[in-house]
Structures are given as structure tokens and as C-alpha cells.
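These notes are about the structure you will find just below.
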Amino acid sequence: MDRIRIRGGHPLRGKIAISGAKNAALPLMAASLLTEETLVLRNLPHLADIATMTHLLAQHGTELSMAGEHPGGGHMGHVLALRTGKITATEAPYDIVRKMRASVLVLGPLLARCGRARVSLPGGCAIGTRPVDMHIGGLETLGAEIELDDGYIVARAPQGLLGGVVVFPQVSVGATENLLMAATLARGEVILENAAREPEVGDLANCLNRMGARIEGIGSDNLRILGVDRLSGTDYAVLPDRIEAATYAMAAAITGGEVELLGARPELMEAVTAALGRANVRLQPTDCGVLVSAGKARGEDDPGGAGLLAIDVTTAPYPGFPTDLQAQLMALMATADGAAMITETIFENRFQHVPELMRMGADITVKGATAIVRGRGGSLHGAPVMATDLRASVSLVLAGLAAAGETVINRVYHLDRGYERLEEKLSGCGADIVRLVD
Ligand code: EPZ
């Protein structure tokens, strides 16, 4: 099982190319089930989860062809052509769904395209039970008949899906995406109230409209979809990954460096920019993306200057501070001056990184959904640590970049699900980081 070894203390300096967003690519790939024509997706990241989605779609009957590396060499996003002329199977099996929760995003498209679906319940994961009751409830509002049988969601809509008003009791990215895709082929008008406003939802909606859907209110929490008879193919480029960009922004900050994030879109990162600004980290738009520079450490050419400052943050649905950056922020705060209060409101168990960060010397106290992080500037030391989920893993990478000594991270397959060529991108900016292949 691969491990990553980091020797900390090197300020990151240089440029990092930001890849296409995993959490936009996955629903966009599922949307290919909605049409018998070809959907071409560009700027797809090279990630394990993308491969898992291709396997899932292939067993539903989707033909996929992947254009390889950028013709001029170098690493550009994948170009993937997906065509589902005919859906040959409507079951999403447990052995695929258990590996990747986003597999549940085939439920809406299968139901809309062929009136039936049998999708394994995704089950929980490290960060929480992650039920799908809002996906199911929303589809029932549109006339689907759904029952749970043997750990599977068995859904039928033999007469097709109907119009209706779906009110989400809490904001759910996946439920919004499933309902949005299902609604495009419904007979009538569908209203989604309290819909998720994440940019990845907007990316999906924009692509669906390019395919002939009629979606209004994109970017708001109230989406109005007028169902159409069929959708056509299109050619669509996936938006850049704002979570990856902000993760590398914090890598620059925790090492006291300066990095330009190529392709990052500052307008998708406003909450992060505001929070990091309070921590004395500057994110400035450039012609190519975003330039990140950490505040001067005390004693450098600005004796009165402050290093990283502790800040209080509460995670929230977009446009609030993303839960997918909570673990990374905690690592950053472990090296800041002062006590930071970090509150997680989206998932019930998203502090798995805490014990591992504490093994590296972080001073963290957890009380329910809130963690108090007492940074003591430069107080982390390297240690062997364990990755538990995608974002917890990368918070250990950030800590390792700042820690004195050597950090070895085990179970890095978690990282490979969401960070493309992480070691390459970081070592290209001066980090001492290598993958140990056993
Ligand atoms: C998406 O997960 C992302 N994954 C997650 O990113 C992200 O953390 C999350 O949205 C929140 O932004 C993808 O887009 C593939 P939710 P999703 O439905 O859709 C509860 C990463 O690291 N809920 O918005 O599964 C749920 O338990 C991943 O890239 C219900 O109770 O998240 C959670 O507490 C991790 N019933 C809250 O809502 C439901 O039917 C928000 O979940 C659905 C969700």
C-alpha cells in the first residue's frame, strides 16, 4: 500500500496548475445517461473516483473513449467522450457504490431515462452515515415509487416522472444534483427549493442547459426546471477545482511561501479568501489565477509583522466556508499564533484528522462539533500518521510540509481519490515529498 514521505520546512515557491473539479466531473459524467447522444467532457482530472465512475457507467451501457494526454505532452485534463445509446442495465451494484458514494448520482438519470433503477445504498463512510433520504423523498415527490430492498434503492416511474415542488429540509449537494438531472426529462415543471448553490451544481446545470434542458435560477437556492422530451449531446469543459486550489493555498501559507494557482477562479473562493485574509494570508487575483502569499513571519524584514493568525471559522453550505476545507484549515491553525475555534456543521464525524494531527504535536481540544486549536507557531514535528478520508489525508500532508523532521502518511489511496499528482505539484514548488511504493 503506497505511502508518502515528507521532510518539512521548505517554503513553497512557484506555480501549481489546478485540475478540473472532481465534484463537478462526477455528476457531469452521470448526466451522460440522460441522452443517447455523445457527451464530451474536457478538463477531467486524473483521479481514482473518475475511473470508478467510468466503470459504473460502462456497466449501464455507456461507451467511453478517453483522449489521452494533451497532444503537446504535459499534463492536461482528460477528454472523455461518453455515449449511452441504450441503457443495458439499470442496477448500480454494491461493490461499486460502496467504493464511491457519488455513484448514487446515477439514480435520477436512470429513473428519468428508462423509468426504473436499482441502486445500492451507498452506506456510510469515515465522515458520517450520509443517508440518501432527501434523494429518495425528492424523487417520490416527482411520482417515483421507491422501496428499500436488501440494501438497495428500488425505484420505478413507468409513466415517467411528473412535475412538482421539492423542498429540501437541509441543503444537500447530491440530492440537488440527482433531482436536477431527473427533472430535465420530467413531464411538467419542477421547482427545487433550498437547493444547493455550490459552483459544481451550477456547472451541472449549465451543461444540462447546453444539452437542451430548460433550467432557470442557476446559482440560486431556487431552481425551476421545465421538463423536455429528450436531451442532446454537447461538448463541455469542467470548472476548476476550488477545493484543490484552496488546499494548495493553505500549503503555501503553512510553509510561509508564495505560490500562483494557475486556473483557479477567485470568484469561487470568496469565503476562503476572506477567512485566510483574517489569518494574514493574501490571495490576490492574477491574469492566470490566484497568487497566494503568507504573511511575513515575525522577525523577518518586518519585525512588527505577524505570522499566521488564529481565526474562528464555521463550515456552511456555499457560499459559506466549505466543509471540504475544514481539515486543511485545522492543520494551518496548528501553526498559527493564538487559539482558533473551528466548528463543523455539515457532517457529524469530520474530525478524524484530529488524533493524527495531535500525534504531530498539534494542541487540539474537541467539544462536540467544535475544535479549539491552540497554535504555537512552528510547533509541529514529523511522525508516522494514518489517512482516514480524502480531506483528512491532505491535512496531514499540509502538517508534514510545515513539521520539523519526517512525516510518513499511510493509506494514501484516500489522497488519490481527490488530488491529482499531488507529490509532483508540491515537489515542483520545492517540497521534499516522495511516494514510497511498497
Ligand atoms: C458532496 O457530498 C461532496 N461530494 C462532498 O465532498 C461535500 O463534502 C458535500 O457535498 C458537502 O459540500 C461530491 O460532490 C461527490 P450533501 P454529498 O448531500 O452530496 C446530509 C469530498 O471530500 N444528507 O451535501 O454527499 C449529509 O449526511 C466530498 O470531495 C442527508 O441527511 O453531501 C450531510 O450531513 C466529501 N440526507 C449533509 O446532508 C440526504 O439525502 C450534506 O450532505 C443527503 C444528505
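Order of appearance sets the numbers: ligands from 1, and atoms from 1 within every ligand.
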Handout entry: Short N-O contact, Asp324 and Arg350, less than 4.0 angstrom
Key = yes

Fill in the blank from the handout: Short version for Arg350: what comes under 4.0 Å of ligand 1, heavy atoms counted, is side chain

Handout entry: Taking atom 36 (N) of ligand 1 as the reference point, the nearest protein heavy atom with its distance
Key = Asp133 OD1, 2.7 Å

Handout entry: Where ligand 1 meets Val132 - atom numbers and elements under 4.0 angstrom, heavy-atom basis
Key = 39 (C), 40 (O)

Fill in the blank from the handout: Value for CG (Leu231) from CG (Leu33), rounded to nearest 0.5 Å, stands at 11.5 Å

Exercise for the section: Mind checking the SG-NZ spacing from Cys429 to Lys425? Nearest 0.5 Å is all I need. Expected result: 10.5 Å

Handout entry: Flag side-chain contact, heavy atom, 4.5 Å: Gln326 against Val313
Key = no

Practice task
Would you mind running through ligand 1 and noting each atom that sits below 4.0 Å from a heavy atom of Lys22?
Solution key: 21 (C), 29 (O)

Completion exercise
Candidates Pro122, Ala175, Pro131; heavy atom nearest atom 39 (C) of ligand 1 found on Pro131

Practice task
May I have the step-by-step check of salt bridge (Lys or Arg N to Asp or Glu O under 4.0 Å) for Glu200 and Lys22, ending in yes or no?
Solution key: CA-CA 9 Å; Glu200 294 74 29; Lys22 163 179 82 83; over 6 Å; no

Problem - Distance filter under 4.0 Å to Asp324 heavy atoms, resulting ligand 1 atoms - result: 5 (C), 6 (O), 7 (C), 8 (O), 21 (C), 22 (O), 28 (C), 29 (O), 35 (C)

Exercise for the section: For atom 17 (P) of ligand 1, grab the closest protein heavy atom and report residue, atom and distance to one decimal in Å. Expected result: Arg130 NH2, 3.8 Å

Problem - Ile346, portion touching ligand 1 at heavy-atom distance under 4.0 Å - result: both

Handout entry: Whether Glu344 lies under 4.0 Å from ligand 1, heavy atom
Key = no

Exercise for the section: Measure the CG-CG distance between Leu180 and Leu192 for me, rounded to the nearest 0.5 Å. Expected result: 6.5 Å

Completion exercise
Applying side chain to side chain contact (heavy atoms under 4.5 Å, CB included) to Glu348 and not counting sequence neighbours gives Thr129

Practice task
Report yes if some N/O of Arg101 lies less than 3.5 Å from some N/O of ligand 1; otherwise report no.
Solution key: yes

Practice task
Measure Val173 to ligand 1 on non-hydrogen atoms and call it side chain, backbone, both or neither using the 4.0 Å cut-off.
Solution key: both

Handout entry: Pair Asp416 + Arg435, salt bridge at N-O below 4.0 Å
Key = yes

Practice task
Give a yes/no verdict on whether any heavy atom in Glu200 is under 4.0 Å from an atom of ligand 1.
Solution key: no

Handout entry: Distance in Å, Arg374 CZ paired with Thr365 OG1, rounded so as to fall on 0.5 Å steps
Key = 4.5 Å

Handout entry: Contact atoms of ligand 1, heavy-atom distance to His135 under 4.0 Å
Key = 40 (O)

Handout entry: Proximal ligand 1 atoms for Gly174, defined as those under 4.0 Å from one of its heavy atoms
Key = 18 (O), 19 (O)

Practice task
Consider every N or O of Glu348 and every N or O of ligand 1, then say whether any pair is closer than 3.5 Å.
Solution key: no

Practice task
Determine, step by step, whether Arg197 and Asp221 satisfy the salt bridge (Lys or Arg N to Asp or Glu O under 4.0 Å) criterion, reporting the C-alpha distance in whole Å, the side-chain angles of both residues, the deciding distance to 0.1 Å, and the verdict.
Solution key: CA-CA 6 Å; Arg197 297 171 54 196; Asp221 62 358; 5.9 Å; no

Handout entry: Identity and separation of the nearest protein heavy atom to atom 11 (C) of ligand 1
Key = Thr323 CG2, 3.9 Å

Problem - Protein residue, atom and distance nearest to atom 18 (O) of ligand 1, heavy-atom basis - result: Ser172 OG, 2.7 Å

Practice task
Look at atom 21 (C) of ligand 1 and find which of Arg391, Gln170, Glu244 reaches it with the closest heavy atom.
Solution key: Arg391

Problem - His46 NE2 to Ser19 OG distance, which is reported to the nearest 0.5 Å - result: 7.0 Å

Practice task
Evaluate side-chain contact (heavy atoms from CB on, under 4.5 Å) for Tyr419 paired with His414, printing each intermediate quantity in order.
Solution key: CA-CA 9 Å; Tyr419 289 92; His414 291 292; over 6 Å; no

Fill in the blank from the handout: dist Thr84:OG1 -> Leu110:CG (nearest 0.5 Å) comes out at 9.5 Å

Practice task
Could you tell me whether the side chain of Met330 reaches within less than 4.5 Å of the side chain of Ile364, counting heavy atoms only?
Solution key: yes

Practice task
Please report which non-hydrogen protein atom sits nearest to atom 26 (C) of ligand 1, along with the residue it belongs to and the distance in Å to one decimal place.
Solution key: Phe347 CE2, 4.2 Å

Exercise for the section: Look at atom 3 (C) of ligand 1 and say which protein heavy atom is nearest, naming residue and atom and giving the distance to 0.1 Å. Expected result: Asn23 ND2, 3.7 Å

Exercise for the section: Return yes or no for this condition: an N or O of Leu390 is under 3.5 Å from an N or O of ligand 1. Expected result: no

Exercise for the section: Say whether Gly418 and ligand 1 are in contact under the criterion: heavy-atom distance to a ligand atom below 4.0 Å. Expected result: no

Fill in the blank from the handout: For atom 23 (N) of ligand 1, the closest protein heavy atom turns out to be Met134 CE, 3.7 Å

